[in-house]
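Okay, so here's the structure we're looking at.
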Amino acid sequence: MRDKPISDLRRRMIADMTVRSFSDKTQHDYIRHIETFANIETFARFLGRSPDTASGDDIRRFQLAQVEQGAQPPKMNTQASALRFFFTITLGRADLAHQLARTHYPRKLPRVLAREQVARLIEAAPGPGLKYKTALSIAYGAGLRGGEVVMLRVGDIDSTRMLIRVELGKGRKDRHAMLSPQLLSLLRAWWLQCRSRGRLFPGQDSLRPITVRQLNRVCHMAAEAAGLGSWVTPHTLRHSFATHLLESDIDVRVIQVLLEAETYCPPTPDRGADLLPVPSPVQRERAHSPAIRLP
């Protein structure tokens, strides 16, 4: 096979990913892994040419070199996904994709906060105003990811239906999250302070939102002020949201719908109704319970 410039392969691969609507981050990560595959020192000693001329033995040696250099299973599996796409789609060599091995590793249970710890964390959120207190509250009260929190717009809060519209979440999927009366009151109080017409949590540039990195930094600051561990992140609040609902005897399938999890769950007798009441973790006892519609 004639060697092709890597730049040509890069353009072809980017075009293949663009047609399939891969996110910018996924495209960046995949290209980075392919460049690592083509340029890694251990691999270049026996390849030294364009990656479209690789063989199954080359791939085996590359993965072995990665293990010897201390690559962790998540990185190994991401590399395998990138290379599998490259060989199968861009080069049309599915035979090489079968040579890629995925690494299995034990999945640990996520660490969660107790309800009292969540309250301390939110109360310790720094200023200005209610901005970060509201952001952490919505991450917990609606079970949103950090990236979903920062991208919220004022118009995404539906006070009539008591829902939060989440656009282009993980996998570029839209969905609705639950909204409790207490959380709505906090959101209204924050809006009276910011008066934003666009993003719910604007950054220094009012037309752009705060970054996920900034939200993580604020969460760490609040955790330190509340006397909690440095392991607490906005995603910890999402795990805590699900755990606290499960401890309140909410059906696991309903929790999966709220979290947009696609794990199969067998049916149970109490899933006959289309609308099921779900008490929000940020609500007090006997407060109004919003309902979630099962698909």
Side-chain angles (χ1 to χ4, degrees), residues 1-111 145-148 168-173 211-213 216 231 233-236 238-239 256 259-265:
M1 179 182 295
R2 180 176 60 87
D3 286 2
K4 299 177 181 178
I6 294 179
S7 59
D8 289 344
L9 291 176
R10 182 191 184 102
R11 284 193 292 270
R12 285 173 52 190
M13 186 173 179
I14 291 176
D16 291 334
M17 292 188 291
T18 301
V19 168
R20 289 159 179 80
S21 299
F22 282 21
S23 68
D24 292 340
K25 183 179 184 305
T26 299
Q27 293 190 32
H28 175 270
D29 291 344
Y30 274 28
I31 291 295
R32 176 168 54 85
H33 288 309
I34 298 303
E35 290 176 343
T36 301
F37 173 69
N39 298 317
I40 188 171
E41 180 182 355
T42 306
F43 186 71
R45 284 203 298 266
F46 58 82
L47 187 63
R49 58 187 187 273
S50 182
D52 63 347
T53 63
S55 65
D57 187 56
D58 295 332
I59 294 174
R60 189 179 304 107
R61 294 184 185 182
F62 170 74
Q63 290 197 303
L64 179 60
Q66 290 288 283
V67 173
E68 292 174 347
Q69 292 181 9
Q72 297 300 309
K75 179 181 178 180
M76 294 286 295
N77 291 339
T78 304
Q79 284 181 339
S81 298
L83 291 169
R84 184 174 291 110
F85 179 89
F86 175 70
F87 287 122
T88 303
I89 304 300
T90 302
L91 296 183
R93 299 184 62 187
D95 57 309
L96 289 180
H98 294 307
Q99 302 290 331
L100 292 162
R102 292 186 63 85
T103 304
H104 296 281
Y105 57 97
R107 299 296 182 91
K108 297 181 179 180
L109 289 174
R111 299 177 67 178
R145 302 176 179 91
E148 295 170 343
L168 299 179
K170 188 174 182 179
R172 297 198 171 193
K173 297 178 181 178
T211 63
V212 177
R213 182 178 181 182
N216 274 280
W231 53 272
T233 67
H235 208 74
T236 304
R238 177 174 162 87
H239 287 307
Q256 288 175 344
L259 295 179
E260 197 190 21
E262 297 181 352
T263 306
Y264 171 74
C265 183

Over 60° means perpendicular and under 30° means parallel, so tell me whether F85 and F22 are parallel, tilted or perpendicular. tilted
Would you say that [X] contacts [Y] through its side chain, given a criterion of any heavy-atom pair below 4.5 Å between the two side chains?
{"X": "T103", "Y": "Q63", "result": "no"}
{"X": "S81", "Y": "R102", "result": "yes"}
{"X": "Q99", "Y": "F87", "result": "no"}
{"X": "L91", "Y": "R12", "result": "yes"}
{"X": "N216", "Y": "P234", "result": "yes"}

Note: K25-D29 ion pair, threshold 4.0 Å (strictly below): yes
Ignoring hydrogens and angles, tell me if any N or O in the side chain of R20 forms a donor-acceptor pair with the backbone of D16 under 3.5 Å.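 Judged by distance alone, yes, a pair lies under 3.5 Å.
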Before giving the answer on salt bridge (charged side-chain N to carboxylate O under 4.0 Å, His left out), spell out for R61 and D58 the whole-Å C-alpha distance, their side-chain angles and the decisive distance to 0.1 Å. CA-CA 5 Å; R61 294 184 185 182; D58 295 332; 5.4 Å; no
To the closest 0.5 Å, what do you measure between [atom1] ([X]) and [atom2] ([Y])?
{"X": "I89", "Y": "M17", "atom1": "CD1", "atom2": "CE", "value": "11.5 Å"}
{"X": "T26", "Y": "I31", "atom1": "OG1", "atom2": "CD1", "value": "11.5 Å"}
{"X": "Y30", "Y": "T78", "atom1": "OH", "atom2": "OG1", "value": "7.5 Å"}
{"X": "T88", "Y": "D95", "atom1": "OG1", "atom2": "CG", "value": "9.0 Å"}
{"X": "R238", "Y": "H235", "atom1": "CZ", "atom2": "NE2", "value": "5.5 Å"}
{"X": "T233", "Y": "R111", "atom1": "OG1", "atom2": "CZ", "value": "11.0 Å"}

Would you name the heavy atoms of [X] and [Y] that are closest together and state the gap between them?
{"X": "M13", "Y": "T90", "value": "CA-OG1, 3.5 Å"}
{"X": "L96", "Y": "G56", "value": "CD2-N, 3.4 Å"}
{"X": "A101", "Y": "A80", "value": "O-CB, 4.1 Å"}

